[in-house]
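Okay, structure first, notes after.
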Amino acid sequence: MTRGATVAAKRQASADACPVMRTVDLVGDRWTLLILRDAFDGPARFSQLQRSLGIAKNILSDRLGGLVEAGILRTAPAADTSAYQAYALTDKGRDLFNVIIALRQWGEQYAFDPGEDYRPLIDQTTGEPLPHLTYARPDGSPVRPSETALGEVRPIGA
């Protein structure tokens, strides 16, 4: 499928009123999520991402183009003042932090065998791994999946 056909197909799927579907349309691909994971470590050049991920150049180029087009990444001059460009998260991209953390924490709990080594994400202030991500009500009590329901369709921000 060509990039134009892929974008058109995503646009069509994104006409749905489901925020999960629209988000998956933008960032739900394996390579896209791994690019975002690496982007949280700071701006990176194309070659650095390609080496880190072991991804084919054409796939990386396609995914980076889609992320820039969606306003999730932006290009910036490389830190070494060379003619190369680096890719950095925008505010919109940084707002995906909880998504990446949720995937990471789910993986820590279910994708490793007991005793298997992994690299935890550390809070630089405390030096400790991040606490498990949870959603809470204003009173601090946890919100459980069984305590949620879909509301009526309404405009964003209403």
Side-chain angles (χ1 to χ4, degrees), residues 1-113 116-125 128-135 143 145 148 150 153-157:
M1 187 179 283
T2 66
R3 181 169 173 78
T6 302
V7 171
K10 285 184 176 185
R11 225 180 274 123
Q12 210 170 29
S14 288
D16 193 283
C18 176
V20 174
M21 180 180 283
R22 290 189 184 199
T23 304
V24 168
D25 285 346
L26 291 171
V27 300
D29 169 82
R30 172 186 187 222
W31 291 118
T32 301
L33 289 167
L34 292 173
I35 290 165
L36 290 171
R37 176 204 63 189
D38 282 8
F40 277 101
D41 290 336
R45 292 184 2 194
F46 185 96
S47 60
Q48 292 169 319
L49 290 166
Q50 201 271 327
R51 249 189 330 274
S52 168
L53 300 171
I55 183 175
K57 291 178 181 180
N58 63 321
I59 294 172
L60 179 56
S61 179
D62 179 69
R63 298 314 188 273
L64 287 170
L67 288 165
V68 169
E69 183 179 320
I72 295 168
L73 291 179
R74 63 177 174 78
T75 57
D80 63 6
T81 66
S82 66
Y84 294 105
Q85 294 288 305
Y87 292 89
L89 292 163
T90 63
D91 288 342
K92 186 176 178 178
R94 282 187 291 278
D95 281 348
L96 287 165
F97 183 69
N98 285 347
V99 173
I100 300 300
I101 296 306
L103 286 169
R104 172 181 274 283
Q105 290 180 342
W106 186 93
E108 289 170 357
Q109 186 168 352
Y110 296 110
F112 288 83
D113 291 327
E116 192 174 353
D117 290 339
Y118 77 102
R119 293 182 66 195
L121 189 62
I122 303 298
D123 178 334
Q124 290 184 2
T125 301
E128 296 295 322
L130 294 183
H132 191 76
L133 183 64
T134 60
Y135 292 92
V143 177
T148 66
L150 288 176
V153 175
R154 63 180 174 185
I156 290 288

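Because the structure is predicted, anything quoted here is derived from the model rather than measured.
Note that CG of N98 is 11.0 Å distant from CG of L103, once rounded to the nearest 0.5 Å. Remark: L64 CG to I72 CD1 distance equals 11.5 Å, nearest 0.5 Å. Once rounded to the nearest 0.5 Å, the distance linking CG of L96 with CD1 of I101 reads 11.5 Å. Atom CG of L49 is separated from atom CG of D41 by 10.0 Å, given to the nearest 0.5 angstrom.
Among residues at least two apart or in separate chains, ring-ring contact (aromatic ring centres under 6.0 Å, His included) pairs with a member in residues 62-111 are F40-F97, W106-Y110. Residue pairs meeting the side chain to side chain donor-acceptor pair (under 3.5 Å) criterion with at least one member in residues 45-54, sequence neighbours excluded, are D38-S52, R45-D80.
What you find for A70 and L26 is that their closest heavy atoms are CB-CD2, 3.9 Å. Between T90 and G71 the shortest heavy-atom distance is OG1-O, 2.5 Å. Scanning both residues, R74 and L89, for their nearest heavy atoms gives NE-O, 4.3 Å. Residues V27 and T32 share a closest heavy-atom pair of CA-CG2, 3.7 Å.
Residues passing the side chain to side chain contact (heavy atoms under 4.5 Å, CB included) test with I59 are W31, I55, A56, R63, sequence neighbours excluded. Y135 meets the ring-ring contact (aromatic ring centres under 6.0 Å, His included) test with no other residue; sequence neighbours excluded. With sequence neighbours left out, the salt bridge (Lys or Arg N to Asp or Glu O under 4.0 Å) criterion links D91 to R94. The side chain to side chain contact (heavy atoms under 4.5 Å, CB included) test applied to E108 returns R104, Q105, Y118, not counting sequence neighbours.
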**Report entry** side chain to side chain contact (heavy atoms under 4.5 Å, CB included) between K57 and F46, intermediate numbers included
**Finding:** CA-CA 9 Å; K57 291 178 181 180; F46 185 96; 4.0 Å; yes
Requested in this report: Test side chain to side chain contact (heavy atoms under 4.5 Å, CB included) on V99 and L36 and set out the steps.
Outcome: CA-CA 10 Å; V99 173; L36 290 171; over 6 Å; no
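For T75 (side chain) and A86 (main-chain N/O), no donor-acceptor pair under 3.5 Å exists by modelled atom type.
At a threshold of 4.5 Å between non-hydrogen side-chain atoms, the residues L121 and P129 do not count as touching.
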